[in-house]
Amino acid sequence: MARIVSVKGRRVWDSRARPTVEAEIALDDGAVGRAIAPAGASMGSGEAVDLRDGGASQGGMDVTRAVAAVSGPLAGALRGMEAADQAAIDGAIRACDGTTRFANLGGNAAIAVSMAALHAACASARVPLDEYLAAGGPVRIPVPEIQIFGGGAHAGRRVDIQDFLVVCPSARNFGEALDRTADVYHAARKLLKDAGKLQGVADEGGFWPVFATNDEALEMLVRAIEAAGYTPGDEVHIALDIAASDFGRGGRYKLGLENRELDSDGLSEMLLGWLGRYPILSIEDPLAEDDIEGFKRFTAAAGDRVQIVGDDLLVTDAGRVATAARERHVNCALIKPNQIGTVTGTKAALDAAQAGGIAAIVSARSGETEDISIAPFAVGWNAGQFKVGSIARGERTAKWNEMLRIEERLGSRAPYAGWGAFPVKERSAR
Ligand code: PGA
Ligand code: ZN
C-alpha cells in the first residue's frame, strides 16, 4: 500500500491557448500520477467553479491561484494518505476547500489533484487504468459521438446549435466507427469547399459553420453522410448538442441566426420537426438548464425514439442525475469529471444513471489537453458512450487513439457497446 509523499501544481496550456492546472502526485513506492484539468466554454451554472485569477494576465483567465492551491493547501491535506483510497482522498479535497462547488481552491485544482491521485494509485498497482477501475467487472468499448460541425459558443455563435455530430452504433467496433466518421468528415469538407464555405475549424475540430439557417447545417450533414457512401439513419446517425442554456432563459429562447424568439413549446416543436426530417439518434440539452418542465414534456414526446441527454441540466451531480432518471427529465446523462470536481463524484453520477436505468456518455470539454483520463473512465466504468469533439486536432485524437489501444488490448473481453448503449431500440433506415 503506497502513500502520497508529494503533490505539485503546474501551470500548463489547453487547446484554446488558455492556462490550465496540472497536478503531479508521487507515492512512497516511486509511483507517479499526473492529470490536467480541462475547461468548458458553455458551462452549466451548477458546475464546480473553474477558478481564474481575473485581472490583466491572460485576459483574466490565468490559474496561478488554482495552481498554488494544489502545491499548497491540497498538498498539505493529502500528504501521507493512502493513494488507493480514492474516496478518502476526494473527501479530503472537499474538506480542504470547504464549499460545495470548490469556490475556494477551484474545481480545476480539485479535479486535477483527484485524477492525479488515481493515476498514481494505478501506476503503483501496475495495471492499465481501465482495468484498475473495472476491478474485474464487465466492460464495453463505448460508442463514440464525433463532431462534424461546431457552433454555438465554440464558433463565435455563428450558428445557434453547438454541435452537429455523427454516431455509428451499427459499426462492428470502435475502429470502424472512426473510419466511417473520418469519411463523413472529409466529405463534409469537400461539400463546404465546393460551396465556397470552407472556413477552417471551430474549438473542438469540427468545421466552422457558415450556414444561413440551422436546417442548412443539418441538410449538409445528411448530404455529407451520403457523399461518403453511407446510408443516413443506418450506418451513420446524427447527434446534436443544442446547448440551449446558451440562448435561453426563463422559458424564452433567442435564435440569433434566424432572428426568432421561441418559447419552450416553440423550441420543442422546432426540434420535434427536425426529429421527423433528419436521422437524429441523440439530442443533448434541447432546453435550458432552468426549464425542467420543458425537458419533461420533450422527453415524454420523444424519449421513446431518441436519446435525450442532460449536460448543463445535470452537471455530473449524482443527486440531479437520480432525480432526472426517476422523473424522466431525460433518458441519458452526460458525465464530465470537471463539472463535479472529483473522481468519486464523477463515478457517483455514472452510478446514479446506471441505477436509474438511463444511458450515460463520458465527455470531454471544449478546452482540452493531451490528458486521456476520460478514455479509461468510459471503458472501466462501462459507460457505453464517449464524446470528445471532432476527429481532428491532437487533444481530440489523443483520446480516440487511446481508445483504439484499449480496444486492441482488451479484445473480446470488451465488446463494442453498439446499440446496447442507447435508451432507444435499434433502428435502420433501410
Ligand atoms: P463545453 O461544451 O465543454 O464548452 O462546456 C461541451 C458541451 O456542451 O457538451
Ligand atoms: Zn453539452
Side-chain angles (χ1 to χ4, degrees), residues 14-18 20 36-50 52 61 101 107-108 111 142 144-167 201-206 208 238-248 271 280 282-291 295 298 307-317 320-321 324 329-341 346 349 353 359-369 371 373-374 378 383 385-390 393 395-396 399:
D14 78 9
S15 55
R16 278 194 285 242
R18 296 295 188 194
T20 188
I36 309 177
S42 120
M43 292 160 65
S45 59
E47 292 193 23
V49 173
D50 182 38
R52 302 285 168 172
M61 297 294 281
R101 297 199 292 120
N108 38 357
I111 194 63
E145 295 196 324
I146 308 181
Q147 191 194 62
I148 304 296
F149 303 127
H154 304 158
R157 301 225 62 81
R158 181 59 188 74
V159 292
D160 301 296
I161 309 308
Q162 181 179 283
D163 293 280
F164 298 83
L165 312 101
V166 293
V167 52
V201 297
D203 282 9
E204 298 191 10
W208 185 277
I238 292 177
L240 299 176
D241 184 359
I242 308 300
S245 306
D246 281 357
F247 59 87
L271 299 176
I280 295 168
S282 178
I283 186 159
E284 182 174 324
D285 282 351
L287 297 144
E289 61 183 10
D290 66 352
D291 192 358
F295 263 98
F298 190 76
Q307 171 169 277
I308 299 159
V309 187
D311 172 9
D312 295 349
L313 178 74
L314 305 179
V315 291
T316 314
D317 179 301
R320 289 199 196 192
V321 173
H329 302 163
V330 292
N331 58 21
C332 180
L334 201 74
I335 304 291
K336 291 168 164 171
N338 78 323
Q339 284 184 326
I340 193 69
T346 307
I361 308 171
V362 169
S363 171
R365 302 306 302 248
S366 52
E368 271 293 339
T369 68
D371 187 295
S373 307
I374 57 170
Q385 296 179 61
F386 188 42
K387 180 181 165 217
V388 177
S390 196
R393 297 182 56 139
E395 77 280 5
R396 314 289 151 190
K399 279 91 162 161

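Just follow the structure's listing: the first ligand is 1, and inside any ligand the first atom is 1.
- Near R365, the atoms of ligand 1 lying under 4.0 angstrom from a non-hydrogen atom of the residue are 1 (P), 3 (O), 5 (O).
- Contact of the F295 side chain with the D285 side chain is registered, since non-hydrogen atoms from C-beta on lie closer than 4.5 Å.
- Close contacts between ligand 1 and D241 involve ligand atoms 7 (C), 8 (O), 9 (O) [criterion: under 4.0 Å to a heavy atom].
- N108 has its side chain out of reach of N338: every pair of non-hydrogen atoms, C-beta onward, lies at least 4.5 Å apart.
- In terms of modelled atom types and a separation under 3.5 Å, the side chain of T369 and the main chain of D14 share no donor-acceptor contact.
- Taking atom 8 (O) of ligand 1 as the reference point, the nearest protein heavy-atom neighbour is Q162 NE2, 2.8 Å.
- Side chains of D311 and Q339: a donor on one and an acceptor on the other come within 3.5 Å.
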Begin from the C-alpha positions of H154 and Q162 and carry the test side chain to side chain contact (heavy atoms under 4.5 Å, CB included) through to its verdict.
CA-CA 7 Å; H154 304 158; Q162 181 179 283; 3.4 Å; yes
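- Under a 4.0 Å heavy-atom criterion, S363 is not in contact with ligand 1.
- Atom CD1 of I280 and atom CG of L240 lie 4.5 Å apart (nearest 0.5 Å).
- Close N/O approach between S42 and ligand 1 is found [any backbone or side-chain N/O within under 3.5 Å].
- Expressed to the nearest 10°, the angle at the Zn ion (ligand 2) joining OD2 in D241 with OD2 in D311 is 170°.
- Contacts between D285 and ligand 1 below 4.0 angstrom, taking non-hydrogen atoms only, are absent altogether.
- In this structure, the protein non-hydrogen atom closest to atom 9 (O) of ligand 1 is K387 NZ, 2.9 Å.
- When only modelled atom types and interatomic distance are considered, D371 and S373 share a side-chain donor-acceptor pair under 3.5 Å.
- In this structure a side-chain-to-backbone donor-acceptor pair under 3.5 Å is present from T316 to K336.
- Checked by distance only, ligand 1 and H154 come closer than 3.5 Å through their nitrogen or oxygen atoms.
- For atom 3 (O) of ligand 1, the nearest non-hydrogen atom of the protein is S366 N, 2.8 Å.
- For A243, no heavy-atom contact with ligand 1 is shorter than 4.0 Å.
- Considering just the N/O/S atoms of E284, the one nearest the Zn ion (ligand 2) carries the name OE2.
- For D163, every N, O or S atom stays at 2.8 Å or more from the Zn ion (ligand 2).
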Side chain to side chain contact (heavy atoms under 4.5 Å, CB included) between M43 and E289, worked out
CA-CA 10 Å; M43 292 160 65; E289 61 183 10; over 6 Å; no
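- Close approach of ligand 1 to A41 (heavy-atom distance below 4.0 Å) involves ligand atoms 1 (P), 4 (O), 5 (O).
- Neither the backbone nor the side chain of D312 has any atom closer than 4.0 Å to an atom of ligand 1 (non-hydrogen atoms only).
- Polar contact with ligand 1: absent for E204 (N/O pair, distance under 3.5 Å).
- The contact set between ligand 1 and E284, taken as ligand atoms under 4.0 Å from a residue heavy atom, comprises 9 (O).
- At least one side-chain heavy atom of Q307 sits under 4.5 Å from a side-chain heavy atom of I361.
- At the shortest separation from atom 6 (C) of ligand 1 among protein heavy atoms lies K336 NZ, 3.4 Å.
- Less than 4.0 angstrom separates some heavy atom of D311 from each of these atoms of ligand 1: 7 (C), 8 (O), 9 (O).
- Closest approach of C332 to L314, counting heavy atoms only: O-CD1, 4.3 Å.
- For ligand 1, the polar-atom distance check against R16 finds no nitrogen or oxygen pair separated by under 3.5 Å.
- In this structure, A359 and Q385 approach most closely via the heavy-atom pair CB-NE2, 4.0 Å.
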